[in-house]
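As structure tokens, the structure follows; a few thoughts come after it.
Just so it is clear, the values below take in all heavy atoms, side chains as well, and ignore hydrogens, waters and symmetry mates. Atoms within each ligand, like the ligands themselves, are counted from 1 in listed order. Just so we're clear, the structure is a prediction, and the values are computed from it rather than from any experiment.
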Amino acid sequence: MTSSNLNATSPFSTVNEPPRFDVLATKDLVSTVQDLITEQNEALLALEANCPADWQGLVEPLTNLAEPLTYAWKLTHHLLGVKNSPELREAEQAIQADVVGAGLRMGQSEPVYKAFCALRDGPGWSSLQEPQRRIITSAILGAEQSGIGLQGAARERFMQIEMESAELGTKFQNNVLDATKAFSIVLTEKAEIAGLPPSLLAAAAQSAREAASQHPQQTEAMANATAENGPWRITLDVPAYVPFMEHAQRRDLREKMYRAQVTRASSGERDNQPVIKRILQLKLEKAKLLGYEDFAALSLSRKMAKTVKTVTNMLDGLRVTAKPAAIKESEELLAFARKTTGDAALTLSLWDVAFWAERQREELYSFTDEEVRPYFALPAVLEGLFGVTQRLFGVKIEAADGETPVWQPDVRFFRVKNAAGNPIAAFFLDSYSRPAEKRGGAWMDVCLDRRRLPDGSVRLPIAYLTCNQSPPVDGKPSLMTFSEVETLFHEFGHGLQHMLTQVDFMDAAGINNVEWDAVELPSQFMENWCYHQPTVMGFARHFASGNPLPEDLFKRIVEARNYRAGSQFLRQVYFASMDMALHHGFDPNHSQDFQDVARGIAAENTIMHPLPEDRFLCSFGHIFAGGYSAGYYSYKWAEVLAADAFSAFEEVGLDNMEKLAEVGLRFRETVLAMGGGKAPDEVFRLFRGRDPDPKALLRSYGLAA
Ligand code: ZN
């Protein structure tokens, strides 16, 4: 079957059209994907046999040959997220390894790699546009960092390192899981559960029942546990541990839980300390094999921040303001605890902080979701969101329901139009929770990328926006919590970067090829508008009475966000500094223990120092088993970029519509339009006229004037 035949017949590979959700059938998936893999491999073989070092002969055909499979696979994953079923899961499992294999085969093709290098080093390079050059450079770097440039023994060693690292990452995670599972406390007395909220008690009783069924030797009482009468089993899982530490009145039990938490996976057969040491050794060795000074340099080579110095400057800039603020917050918390208990000699330990902070928050800024929801009905929120988008970026969003099939009757379809009224993009919005078939959380995903097609026409981008809020009930619209509103703005920000791109080359259009630490800029930027009073007041009104959101409630929402901001900032700076220190300037092959490095970093970045036996690194999966090694700083980095971008709007006056639209246009033409076609630090400078400055972020949390 030729590619054009297949494209015409299988709804899983329509490529240039929005998917035909009305006729997609899971039973066709496996055979379609298998055909696409065969076609992709054959086309790749043909290209490898004759690999010209020019854009038209190399990159265009490569994009063409990869797109059908990528399209079908993305579509499969979209459906797994929003329309899951046992049949679909089974089909996906059946082909997953082959799809991954086909991807690896492309990424590790030596003839293609060599042709890319020849293109970069040849005479045609200077006539290419910047996005084209970025696509090529990034393909070369990606291939090199998976070892393709290495020869002989070095290559063999590289593969061994990759293999062992993957095993160690799994072992690290398993140790954390097993250690978490191995510890629990079972409470039987009412006095022991004083302060715990009903939701935690219900979960703790359920946990007791489950433990009883897994261990028949457990008592009958556990098998019959109830939320009212217990027993209640509390574990180190986040959904149990966090509320327990915030609400348990029994200090001795909090201490017990805290000590277990910070020493998880740090002894016996689940000890992650040797695993960490080995992971750090392998990372350093890998970086050196690839020609980098250390692992931080390797990690930053494909990020916006580029150098350790840039990262540490940012962290220093945050610390210098956050630390004194955190000290002040600690003192205030102690005073609050002393006043509440009437004990003037009270001192706080590490296991008291979350408990007292929660009491203080309740007293100062408490609001409930139920108080807020009636003011944030989905139709009003969408009107507000689309209004901001139109005012800032000069694009109009229009409902286009029914113009293309959807996967669920209440999914909406919208078109984005420019000032002249011409369509430039579209998106699906799947708002409501459907626990039986839809994954939790919220996300933006690519349906179609913008691309200039061989006939010169432009394929317009389409996005999927997925949320999980409660559906309309009893004739009431879907009423959102404040955090759901924030999440919708966030995901829409990703959507805007995908949809307003002006890049014609698919692999650098929208969010494609955007450096990992820059990709949260537009999304975090959009969140800022949820804290902008005139914007929120403009759309938040009671769904039944039409009354505006009470100003006092809005104030409490803002203050709750800023509550203990110094301590929160310092904690993120602590983790990010730790991550950098372990991947830069520390040699795991020498005698110094990484725990000594950890203690040094803790001394500088905490107000209440960790316990001497604290081993929290043993469960820090982000950097030892996730993708955040020498990248943890990205959380704060993205916030710095977003707040600094938002402050450009503040500077011209948020109610000066004309100026606002000017800055908005500049944001649209740089951050939103250039996608991965230009280095993100240059894009930022084009928009802001200078490098990012952490002051705006500190200001937005009330930490600086
Ligand atoms: Zn995001």
Query raised in the report: Is the count of non-hydrogen atoms from other residues, nucleotides or ligands lying under 6.0 Å from R571 atom CZ greater than 12?
Result: no

**Report entry** NZ/NE/NH1/NH2 to OD/OE distance under 4.0 Å, D681 and K303
**Finding:** no

Requested in this report: Not counting sequence neighbours, list each pair that qualifies as a salt bridge (Lys or Arg N to Asp or Glu O under 4.0 Å) and has a residue in residues 630-644.
Outcome: K636-E639, D644-R688, D644-R690

Query raised in the report: Can a donor-acceptor pair be found between the side chains of S301 and Q145 at a distance below 3.5 Å?
Result: yes

Query raised in the report: Is a side-chain N or O of T312 found less than 3.5 angstrom from the main chain of K309, in a donor-acceptor match?
Result: yes

Query - Ring centers of F554, Y531 separated by less than 6.0 Å - result: no

Requested in this report: Work out how many protein N, O or S atoms lie closer to the Zn ion (ligand 1) than 2.8 Å.
Outcome: 4

